[in-house]
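Throughout, a chain's letter reflects where its sequence line sits, starting with A, and its residues are numbered from 1. These numbers come from a predicted model, not from an experiment.
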Amino acid sequence: MIKKYSQWCAGCGNFVILSALKKTLEELEINLDDVVIVSGIGCSGKFPHYLDLFSAEGLHGRALPLATGIKLGNKNLKVIVIGGDGDGYGIGLNHLIHSLRKNIDLTYIVVNNETYSLTKGQASPTTKIGEKRILSSKGVQDFPINPLNIALMSNGTFFARGSSVDIIQLKNILKNAIEHKGFSFVDVITGCINYYPDRKVTWFKERIRDIKEVKNYDIENKGYLFDFLKNFDINSEKYYTGIYYQEKREVLESKKDLSKLNLNVDKNNKFNAFLERI
Amino acid sequence: MFNIKICGSAGSGVLTTGNLISEFFAFYNKEIVLVTQLPSRITGGINIVKLEISNEKLNSISKKEDLLMILDNVDEKINFKNLYNSKYDNKSYVFSKLDYIKTQEKLNSNFKRENINLIDEIFFETEIEKIKEKYRLKHSNIIYFGYLLGFLKIDKNLVLDFISYKQEEQNKYKFDNFKEVIISSFDFAGRINLENNFNFSLISKDFTKNKDNKFLSGNQVSALASIKAGVKFVCGYPITPGTSILEFIEKNKDEFDIEFIQTEDEISAINMLLGSSISSVRGLTSTSGAGLSLMSEAIGMSGISETGIVVFSSQRAGPSTGVPTFTAQEDLKQAINISQGEFPIIVFTPADLEEIFKISFEAQNIAQIYQVPVIILLDAYLSFSKFTVNVKKIINENKSVFTRIDDGKVNKDYKEVFRKRYEITKSGISKKGFPQTNSRFIVSNHEHDEYSFTSKNPEIKVEQNSKRFRKISTFLNDYKDVDFVKPKVYGSLDFEKVDLTLVGWGSTKGAILDAIKNFENVNYLHFSCCYPFFDETKKVLKKAKNLAILEANSTGQLRDIISEKTQIKILEKRSYLKCDLRSFEKEEVVKFIEKTLEDIYKND
């Protein structure tokens with residue numbers, strides 16, 4: 001059962017992302033009963049209402065630790081976390097960094113529209129300098145963060161940027177992200193009809209570049225990224241999309257599927273034997 | 001009863017000495033209470049351990065000190081008051097170098113070395129240094145231990161038996177001369193014939209081995225019970241005094257297939273714990289007041305999403321960073337009122353190791369059956385102190401409790417898609433569903449309808465809210481006769497003959513039980529579960545002729561809650577409230593009882 005009427009505005013990029021995600025799950029032939037969706041709070045926190053899957057709502061900024069607990073509880077689940085930039089890069093930034101460090105096997109999709117939408121348009125950590133917003137009436141002063149840089153510096157094993165104007169590229173990124181064994185971080189650039197009415201499809205098409213164009217691009221060697229991000233002006237309106245980097249590294253996971261373990265320890269008399277020893 | 005106080009600077013081995021002495025006597029089936037005063041330091045300052053050894057069960061530790069050990073040159077004042085006041089057979093002994101005493105004289109003008117009985121100068125000035133040099137020891141703690149046993153005239157065979165029992169453990173720490181050090185000190189003590197009628201009753205009594213007489217802290221027992229209850233996921237963030245619950249689990253995780261994660265902060269820990277519960281896994285986290293504050297939002301989510309979790313919070317003196325290693329009972333209202341909004345929660349306040357063991361075990365069932373957050377409030381006193389306990393006996397005497405692992409109502413029909421997660425029911429309890437079982441719903445932290453969809457409908461809010469609170473009524477009905485959960489009266493049950501009923505919660509029980517032994521007309525009403533309130537509580541309180549309350553906080557938190565829930569007000573003059581960083585001692589409770597009875601008789 002999914003919600004009958006959408007809460008998203010007509011023209012919201014979330015529809016594209018929803019479609020890409022559904023298609024990806026289909027093409028990967030994943031057993032939908034193994035999938036768990038964890039959402040953040042915000043417009044992009046509504047994905048569970050439009051996907052007929054087992055879901056959990058995270059508190060604002062706390063979707064990642066919630067998803068980590070779900071995954072550690074049952075290692076056979078495919079856990080996909082979806083939230084916005086306000087949720088993920090402000091209050092949730094701490095957890096993002098530690099999730100990247102842990103390399104827990106989750107896919108984290110951040111719908112990055114550079115604004116807080118649901119709560120009526122306040123600036124988010126990715127809002128460009130100078131943008132006038134309802135609680136920053138003189139214009140945003142704080143330097144915006146570059147989430148891909150954070151992923152690089154936190155030693156992420158898979159990080160990418162997609163956009164809601166190129167669904168084929170997005171599907172490809174999501175496919176790789178979900179298949180990647182480890183923490184897959186995907187930032188999806190998108191618009192907001194309400195708070196950036198000028199940012200329509202053409203606006204993005206003019207500003208989106210392919211990461212493969214970058215000098216010395218090598219998906220397996222992050223060396224090129226240090227140079228690239230060093231010189232990249234986050235306030236410029238250029239968005240480089242594609243899979244930035246991917247590597248294989250030890251994954252944080254439970255040794256066993258905890259959800260299937262026999263609880264009654266005494267059946268094996270393990271506890272009594274242990275009691276003798278302490 | 002024999003009481004020893006051990007002082008030394010941080011790092012000198014005060015705790016090791018205390019533990020070793022206690023483990024020896026526990027090995028021979030004595031009852032022991034060991035309490036600590038360890039300021040938040042790695043080195044320097046003063047660490048204090050007090051222990052009491054008895055043949056009978058101990059509920060609390062006495063103020064008196066029969067023997068004082070000073071391990072090194074402590075640069076803070078030692079309190080000698082209780083040493084003077086409790087002359088065991090006319091003397092109170094001090095094991096110390098003269099230099100340490102001289103330092104104390106400099107620090108405290110009221111103290112003179114003539115006031116104490118400093119013994120065996122030869123050993124403590126010279127011999128000790130010889131032993132330390134011979135075996136290349138930095139600290140004197142094991143030497144003091146050996147000397148003590150010789151001093152108490154313990155049978156050498158008992159000492160040797162204990163040493164071989166501990167040998168395996170010592171080899172793990174690469175200390176080869178454990179036996180030699182102890183025996184040389186032991187022999188040396190044996191040579192002096194102290195002039196006294198040492199009516200040391202522990203020596204004339206039975207010294208039979210009892211391996212089931214364990215010596216454990218409140219935190220260790222919390223972890224032990226949780227393991228027995230089938231906990232498989234534990235995460236947490238270190239904070240005194242909650243950390244050692246996490247340590248015990250971490251140390252033994254492989255044995256029991258438990259996953260342990262140290263998180264980046266408490267907010268991550270509590271959300272992770274929620275996650276594991278969503279995957280159907282039993283778990284726990286352990287923290288203190290400051291951490292509980294951070295966990296507040298997620299505990300609210302546990303309430304509205306109906307995801308059961310168990311959280312241990314060991315109270316320390318607050319507010320804010322407070323006094324990290326010292327005890328208090330200042331977080332009761334915090335636990336009960338945690339988080340915004342209204343939702344069912346259960347708050348346990350166990351008093352001693354036996355209650356901790358039972359409650360920690362049962363809390364896992366309760367969290368799963370009623371799908372609510374369960375907070376177990378300990379305190380620094382319970383967490384750090386160690387007591388002798390026979391866990392095997394507790395389990396055998398309560399088989400009906402410890403053989404029941406109940407996960408509540410779970411959807412078992414996987415053929416049909418399960419969507420109605422928040423179904424309105426009479427008991428308030430709705431069926432749960434887990435991932436991979438054809439469940440399609442949202443674990444929701446918004447207000448929601450029966451199918452988990454976010455709702456702003458007034459009727460739905462009222463309905464769902466009532467349903468959630470019905471779970472509390474169901475719990476109260478299910479547990480109203482469970483001994484360790486409902487409020488319990490200790491002492492005389494004949495309220496006609498009782499002039500005064502004391503009220504308390506958590507660890508104050510110990511000192512109160514010891515105090516009321518001397519008073520036939522005083523009994524004690526104990527709260528091991530401070531929220532929700534059982535109907536019986538009001539009935540019992542009404543039966544009492546006079547009520548008095550004892551709490552280690554300055555505002556009378558349980559007193560307020562009792563007044564709120566039962567309209568029964570305990571007077572300020574009948575309230576012993578203190579926030580002096582110390583647990584209650586029986587001597588002060590006795591004084592309070594005497595003063596209160598006097599006041600009662602005056603008014604009669």
Side-chain angles (χ1 to χ4, degrees), chain A residues 1-3 7 31-39 41 46 48-49 52-74 76-77 79 94-95 97-98 101-102 252-256 258-266 270-272 274-276 278, chain B residues 211-212 214 216 220 224 227-230 232-233 235 252 254-259 261 263-265 267-283 297-298 301 305 391-392 395 402-403 405 407 419 433-446 451 453-454:
Chain A
M1 229 157 71
I2 59 173
K3 227 169 137 118
Q7 214 172 321
N31 180 356
L32 296 182
D33 210 27
D34 295 341
V35 179
V36 173
I37 303 290
V38 181
S39 67
I41 300 286
K46 297 296 167 194
H49 286 79
D52 192 21
L53 298 167
F54 187 102
S55 313
E57 283 173 350
L59 292 166
H60 193 37
R62 317 295 175 193
L64 282 175
L66 184 70
T68 304
I70 293 174
K71 176 72 184 189
L72 289 172
N74 182 341
N76 296 316
L77 296 173
V79 182
N94 167 39
H95 302 304
I97 292 173
H98 292 284
R101 292 176 61 212
K102 285 179 170 68
L252 173 67
E253 64 174 357
S254 295
K255 288 192 205 60
K256 304 194 174 172
L258 305 180
S259 67
K260 311 280 187 311
L261 289 177
N262 178 10
L263 291 183
N264 207 340
V265 186
D266 257 356
K270 234 189 208 176
F271 183 83
N272 293 337
F274 177 71
L275 197 55
E276 297 289 317
I278 54 165
Chain B
K211 292 229 194 86
D212 289 337
K214 307 287 179 193
L216 299 168
Q220 288 174 312
L224 199 57
I227 290 174
K228 184 158 178 65
K232 294 294 170 211
F233 181 79
C235 58
N252 299 297
D254 290 334
E255 175 105 27
F256 295 100
D257 292 329
I258 298 173
E259 281 301 318
I261 303 281
T263 56
E264 62 270 25
D265 57 38
I267 298 178
S268 179
I270 190 74
N271 280 283
M272 237 184 254
L273 184 63
L274 271 173
S276 70
S277 182
I278 289 170
S279 283
S280 83
V281 178
R282 292 179 163 211
E297 193 191 14
M301 173 165 169
S305 69
V391 175
K392 213 179 190 179
I395 295 174
F402 292 103
T403 51
I405 301 265
D407 273 344
R419 298 185 189 283
F434 302 124
Q436 288 187 316
T437 60
N438 209 8
S439 297
R440 297 287 183 268
F441 58 80
I442 307 168
V443 177
S444 167
N445 58 30
H446 289 73
Y451 292 92
F453 284 106
T454 300

Can you say whether [X] sits under 4.5 Å from chain A via the side chain, the backbone, both, or neither, judging by heavy atoms?
{"X": "Ser280(B)", "answer": "side chain"}
{"X": "Val443(B)", "answer": "both"}
{"X": "Lys214(B)", "answer": "side chain"}
{"X": "Ala298(B)", "answer": "both"}
{"X": "Ile442(B)", "answer": "both"}
{"X": "Leu216(B)", "answer": "side chain"}
{"X": "Ile258(B)", "answer": "neither"}

Between [options], who has the most heavy-atom pairs with chain A when the cutoff is under 4.5 Å?
{"options": "Leu273(B), Ile270(B), Asp407(B), Asp265(B)", "answer": "Asp265(B)"}
{"options": "Leu274(B), Asp212(B), Ile267(B)", "answer": "Ile267(B)"}
{"options": "Gln220(B), Lys211(B), Glu255(B)", "answer": "Glu255(B)"}

Side chain / backbone / both / neither for [X] at chain B, heavy atoms under 4.5 Å:
{"X": "Asn31(A)", "answer": "neither"}
{"X": "Gln7(A)", "answer": "neither"}
{"X": "Ile41(A)", "answer": "side chain"}

- Message: If we define contacts as heavy-atom pairs under 4.5 Å, which of Arg62(A), Lys102(A), Lys71(A) has the most with chain B?
- Response: Arg62(A)
Less than 4.5 Å apart, any side-chain heavy atom of [X] and any of [Y]?
{"X": "His95(A)", "Y": "Met272(B)", "answer": "no"}
{"X": "Arg440(B)", "Y": "Leu32(A)", "answer": "yes"}
{"X": "Leu258(A)", "Y": "Ser276(B)", "answer": "no"}
{"X": "Val79(A)", "Y": "Val35(A)", "answer": "no"}
{"X": "Leu252(A)", "Y": "Ile261(B)", "answer": "yes"}
{"X": "Leu59(A)", "Y": "Asn271(B)", "answer": "yes"}

- Could I get the full list of side chain to side chain contact (heavy atoms under 4.5 Å, CB included) partners for Thr454(B), not counting sequence neighbours?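 For Thr454(B) the side chain to side chain contact (heavy atoms under 4.5 Å, CB included) partners, ignoring immediate neighbours, are Lys46(A), His49(A), Glu57(A), His446(B).
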- Item | By ring pair (Phe, Tyr, Trp, His ring centres under 6.0 Å) - contacts of Phe54(A) (at least two apart) |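 For Phe54(A), the residues satisfying ring pair (Phe, Tyr, Trp, His ring centres under 6.0 Å) (neighbours in sequence not counted) are Phe441(B).
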- Quick one: do Lys392(B) and Glu276(A) make a salt bridge, cutoff under 4.0 Å? yes
